[in-house]
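Here is how names work: the chains are called A, B, and so on, in the same order as the sequence lines, proteins then strands, and each is numbered from 1. The basis for the numbers below is simple: all heavy atoms, side chains too, and nothing from hydrogens, waters or symmetry mates.
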There are 6 protein chains.
Amino acid sequence: ERDKYENNNVAGVVTGLAWTRVGGDILFIESILSKGKGNLTVTGNLGKVMKESATIAMEFIKANADDLGINSEVFDKYNVHIHVPEGATPKDGPSAGVTMLTSLVSLFTQRKVKKSLAMTGEITLRGKVLPVGGIKEKILAAKRARIKEILLCEENRRDIEEIKPEYLKGLTFHYVTEMSDVIKLALTNQKVKNAKKL
Amino acid sequence: ERDKYENNNVAGVVTGLAWTRVGGDILFIESILSKGKGNLTVTGNLGKVMKESATIAMEFIKANADDLGINSEVFDKYNVHIHVPEGATPKDGPSAGVTMLTSLVSLFTQRKVKKSLAMTGEITLRGKVLPVGGIKEKILAAKRARIKEILLCEENRRDIEEIKPEYLKGLTFHYVTEMSDVIKLALTNQKVKNAKKL
Amino acid sequence: ERDKYENNNVAGVVTGLAWTRVGGDILFIESILSKGKGNLTVTGNLGKVMKESATIAMEFIKANADDLGINSEVFDKYNVHIHVPEGATPKDGPSAGVTMLTSLVSLFTQRKVKKSLAMTGEITLRGKVLPVGGIKEKILAAKRARIKEILLCEENRRDIEEIKPEYLKGLTFHYVTEMSDVIKLALTNQKVKNAKKL
Amino acid sequence: ERDKYENNNVAGVVTGLAWTRVGGDILFIESILSKGKGNLTVTGNLGKVMKESATIAMEFIKANADDLGINSEVFDKYNVHIHVPEGATPKDGPSAGVTMLTSLVSLFTQRKVKKSLAMTGEITLRGKVLPVGGIKEKILAAKRARIKEILLCEENRRDIEEIKPEYLKGLTFHYVTEMSDVIKLALTNQKVKNAKKL
Amino acid sequence: ERDKYENNNVAGVVTGLAWTRVGGDILFIESILSKGKGNLTVTGNLGKVMKESATIAMEFIKANADDLGINSEVFDKYNVHIHVPEGATPKDGPSAGVTMLTSLVSLFTQRKVKKSLAMTGEITLRGKVLPVGGIKEKILAAKRARIKEILLCEENRRDIEEIKPEYLKGLTFHYVTEMSDVIKLALTNQKVKNAKKL
Amino acid sequence: ERDKYENNNVAGVVTGLAWTRVGGDILFIESILSKGKGNLTVTGNLGKVMKESATIAMEFIKANADDLGINSEVFDKYNVHIHVPEGATPKDGPSAGVTMLTSLVSLFTQRKVKKSLAMTGEITLRGKVLPVGGIKEKILAAKRARIKEILLCEENRRDIEEIKPEYLKGLTFHYVTEMSDVIKLALTNQKVKNAKKL
Ligand SMILES: [Ca+2]
Ligand SMILES: [Ca+2]
Ligand SMILES: [Ca+2]
Ligand SMILES: [Ca+2]
Ligand SMILES: [Ca+2]
Ligand SMILES: [Ca+2]
Ligand SMILES: [Ca+2]
Ligand SMILES: [Ca+2]
Ligand SMILES: [Ca+2]
Ligand SMILES: [Ca+2]
Ligand SMILES: [Ca+2]
Ligand SMILES: [Ca+2]
């Protein structure tokens, strides 16, 4: 069953584009903080590579906390839990990297995510965004889910250019090469309602 | 062998609807506290996804303790054990999520669970309730077990509407989209007898 | 090879009824304490579900220490080891639950186990006793082993009623639904000789 | 290749009888102490059940230290390593239990092991010795290895009685039911040369 | 899809030559530091042998910190994360050893990596560089990726000599036998821009 | 590809004889120390039995530190890493035991290893050297690698006697039964250049 875009009211919830055994779909990355000692927990029936994406995102944030406007002390005082509904569907691959990283930056800064936006892309430890597969199926799923803007790796531009223009109506594409561009495009400067003080 | 609804005298015991290798059945989620350092143990011959539901429920409660009326200090002073009888039957899938979360809130608040109620639904980290499968078989099992009220995800309403009305006689349905609705509907404001002081 | 009932001189040794690859048999649950920090070790070539029974028994006791007449401080000062001879035979399933729980209560209270008694039944975290399978084979094994009294779940009564009465000669049956009944029936108020002071 | 009995000069080295993929053979259980915090390490290409025997032996000793003449404080100050040569041969089963327990008691008391003795038998946590299989092949291997005395479970007496007497010439058998008998028969009251002060 | 050489602006990013299921390719080794207690994390869908290379590189650096101009105190104050994009491609084998070690020395010294350089070779714990396979495919991939200089084990010289000279145009080869030669050749004496003070 | 004997300049590097999937070969055992808390790390694509040899060697040294002239305090202050190049070749079996033990004694005493020597043999926890297989193939590999002296278990003498004398020209054999003989024969009394002060 295919999901619909929801809202952007909560920190740490970001919409990704996935390619699972049921074809293209959107998925939500959810992350929360609880008081703790800096542990990272990942759930959602994820494979090894997708779990690694969560580790990479977390370590990237720790190593670049200053640039991201995050106080490093927070990392030792809270546990982070990243979850990807829906548990019945196994999920794997590196393409949720940008979504996970955006989710964590939203969580640690309590900044609101841009409305009606979805994204897909692998991240690297130095902050590059890499191209991923299944673009056509993901775009069709995004339309069905009422997504308006899509964030992709620059190297995936050619995959979009191969799709019939009529399928792309109503969609705006943002092509990026660096994770810093993702953050600028995906996070607003507005805090979420009832933002946590970290 | 199919189970019967029992009572609602004990904190932390909530009735779920399951779909196992023997078909639809009700199951009980039991949880208890013992003095400790905040460890979570899960038993009952559970698969990976069902164990993840327990983690999600626990983390959701930690992150939303204030809203749920739970004093956060309790989490470091007790170990939590969640068990799902019957050990001979392997169990998996995300559909016990709402039941586990309700069980834990009952446990930490010592509030009584509503009588003759059963539930099924996946939970997400931000408190959404997601639809699950096997609804028809679960409903028939609920009737056989003398359940009176059933709590489901709003998106499962159509699955109920496809069942012949005569099978639904004597059952009341509650459709929810948020975990906060589940708690309101499932937990009474009455403490259990001999409630623990936490 | 089939075992014979032995004696009830030692705390923590309780006779169970098992259904292994060699058919019905009795088995012994042995448990001991050694100075330590509260670790639980389980041996005896046991499968996952049978190991879970040990965890459930231990957690039940911790959560109900007062009712069972056990001083909670003991749990942090000793390690518990539960062993099920005979190592060459793989064993699994939930039916040793009541036996393990009885063994641990005998161990922590140093109370003597009732003579010539054997038992089989699953336990739940809230102290219910659940029915188990293989009853006929277990009863025949119990007779061969010179057991006199057998403790079973109330729901297993019908399994006994289906056995030819001549096979049941000399056996007394106790049907229970709660773990508290098991303890009352299985443990005497007499301490074992050279009882440990805990 | 079959082994020969060696000497009894070193604490912690005891001769067992084994039944491996090359047939009956003798094996040596070696154990040593090094300063540490009470860890137990087991090597020798052992399967799960044989590793459990080492755990059972160690826990039995901890729980019965006084009776065995061992000062309990030693358990926290040393690590114990049990090794079973020869690494190329996988070994499993419970029959090295008595040998491992004898090895550890010799190690902790620095008492010399009786000369030209070999043994085989399962141990239980309450100190019983249980019968084991492959007796005929083990006895023939013991003779080839110049063993003079053999220690067995009382219940294995019938297995010996089925062997042609001419094969048993020169062998003395000791049948036991309790681990305390094994210790009395297998360990001399003499300390090994250069005994460690523990 | 084949990668292109990027730049050498960041500490800890070094270009390797790999032989994966898609043939010869270049790969990037990325490493970063975050405040911590000396843990090493490795990601990138790596097999056992490639993970071992990371351990060997890290331990070599710890044992030779003085010679490498690294203050040993840094090892306890930071966590190190090594990542090898691209997560969708499983990678294994020892040939990234020299690249990982160079990446870590660049990271701990904040020295810039030589421009347009790629390397392949196994490392040993005493600092030798060993030959690796797939040289021809790796060289062709390096040319396509606009690499100018290649660093190889002396014992791989014969593999280069077997390649048609026209394929080698524009490439300079450096043959080494010791890890110290790799460091001299691969790292400049210039610090990276915004070098961390460790 | 077959290796050549290298030199004996570095502490902790000892030449072994191996029998891998490519036939007989020499291999190097390398070990290093880094400041730490007494952890042992083992790499080199090793199977379970070969990893156990490293544990046995380390524990033997800890238990016999005085006799080996090693100050026990060093064990808590350093981590030990044992590596066996070449990562692409899986290695297993107990025959590297003597080589690993010699490597560690060289490392902890900083004594030079005898020139042009190779060895093969299983070790036991009480310091015995046991015979191993594949002797003929190992000897031929040793000659090709320009080894001059070979250290073997006394029980492998017959394997050497079955090899045509012309293949043995230029090789000297040392047969041993105890690990103490190996140390005497394999380690010189000379410290390595730039010996570490431990
Ligand atoms: Ca979906
Ligand atoms: Ca949905
Ligand atoms: Ca049922
Ligand atoms: Ca039932
Ligand atoms: Ca039996
Ligand atoms: Ca028996
Ligand atoms: Ca043998
Ligand atoms: Ca031998
Ligand atoms: Ca690539
Ligand atoms: Ca690329
Ligand atoms: Ca080689
Ligand atoms: Ca080589």
Side-chain angles (χ1 to χ4, degrees), chain A residues 19 37-40 42 46-68 70-76 92-98 100-101 120-135 153-156 158-159 177-179, chain E residues 1-15 22 25 27-37 39-48 50-51 54 77-92 100 103-104 106-107 110 113 192-194 196-198:
Chain A
W19 191 22
K37 303 194 164 176
N39 296 322
L40 172 64
V42 184
L46 312 186
K48 165 188 156 182
V49 172
M50 199 160 174
K51 281 182 188 164
E52 287 191 349
S53 292
T55 303
I56 298 164
M58 193 67 216
E59 290 300 314
F60 178 83
I61 288 175
K62 284 185 183 172
N64 297 279
D66 284 357
D67 296 347
L68 295 164
I70 300 167
N71 181 347
S72 281
E73 285 172 17
V74 81
F75 301 130
D76 294 335
D92 205 354
S95 78
V98 293
M100 286 179 164
L101 185 38
T120 186
E122 180 175 349
I123 48 168
T124 79
L125 213 48
R126 80 202 118 130
K128 297 273 173 203
V129 176
L130 300 184
V132 295
I135 293 296
C153 175
E154 176 63 47
E155 288 183 52
N156 279 128
R158 58 189 165 193
D159 300 296
T177 61
E178 306 283 331
M179 199 55 219
Chain E
E1 158 222 6
R2 270 33 171 267
D3 293 291
K4 295 278 165 290
Y5 173 75
E6 301 196 5
N7 63 55
N8 61 336
N9 294 335
V10 187
V13 180
V14 182
T15 309
V22 301
D25 198 358
L27 55 70
F28 302 103
I29 304 291
E30 308 177 320
S31 58
I32 58 169
L33 294 171
S34 60
K35 274 169 201 161
K37 302 193 165 177
N39 296 323
L40 173 64
T41 308
V42 184
T43 53
N45 202 355
L46 311 186
K48 165 187 156 183
M50 198 159 174
K51 281 183 188 164
K77 294 186 191 154
Y78 290 91
N79 292 332
V80 178
H81 185 161
I82 300 176
H83 177 60
V84 191
E86 328 180 2
T89 306
K91 311 166 195 83
D92 205 355
M100 286 178 163
S103 166
L104 291 177
S106 165
L107 183 70
Q110 296 284 307
V113 180
V192 293
K193 216 174 130 183
N194 301 321
K196 280 202 175 202
K197 274 171 197 164
L198 298 173

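- In this structure, CZ on E:Phe28 lies 5.5 Å from CZ on A:Arg126, to the nearest 0.5 angstrom.
- Scored by the side-chain hydrogen bond (donor to acceptor under 3.5 Å, both in side chains) test, A:Thr55 finds no partners at all (sequence neighbours excluded).
- Atom NE2 of E:His81 sits about 5.5 Å away from atom CD1 of A:Ile56, to the nearest 0.5 Å.
- Between E:Ala88 and A:Pro94, the shortest heavy-atom distance links the atoms N-CG, 3.8 Å.
- For the set E:Val13, E:Val84, E:Ile32, the count of heavy-atom pairs under 4.5 angstrom toward chain A peaks at E:Ile32.
- Looking at A:Lys51, there are no atoms closer than 4.5 Å to chain E (heavy atoms on both sides), in backbone or side chain.
- Rounding to the nearest 0.5 Å places CD1 of A:Ile123 at 7.5 Å from NE2 of E:His83.
- In this structure, A:Lys48 places its NZ atom where more than 12 heavy-atom neighbours from other residues, nucleotides or ligands lie under 6.0 Å away.
- Note on A:Thr124, A:Val132, A:Val49: by heavy-atom pairs under 4.5 Å with chain E, the leading option is A:Thr124.
- Closest of all the heavy-atom pairs between E:Ile82 and A:Leu125 is C-CD2, 4.3 Å.
- The only option from E:Thr41, E:Val42, E:Thr43, E:Leu46 that meets the side-chain contact (heavy atoms from CB on, under 4.5 Å) definition with A:Glu52 turns out to be E:Thr43.
- Residue contact with chain A, scored on non-hydrogen atoms closer than 4.5 Å, involves the side chain of E:Lys196 exclusively.
- For A:Lys128 and E:Glu6, the salt-bridge test passes: some basic side-chain N is under 4.0 Å from an acidic carboxylate O.
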Please tabulate, for the side chains in residues 58-68 of chain A, all donor-acceptor contacts under 3.5 angstrom to protein atoms that are two or more places apart in sequence or on a different chain.
from: A:Glu59; atom 1: OE1; to: E:Ser34; atom 2: OG; distance (Å): 3.2
from: A:Asn64; atom 1: ND2; to: A:Phe60; atom 2: O; distance (Å): 2.8

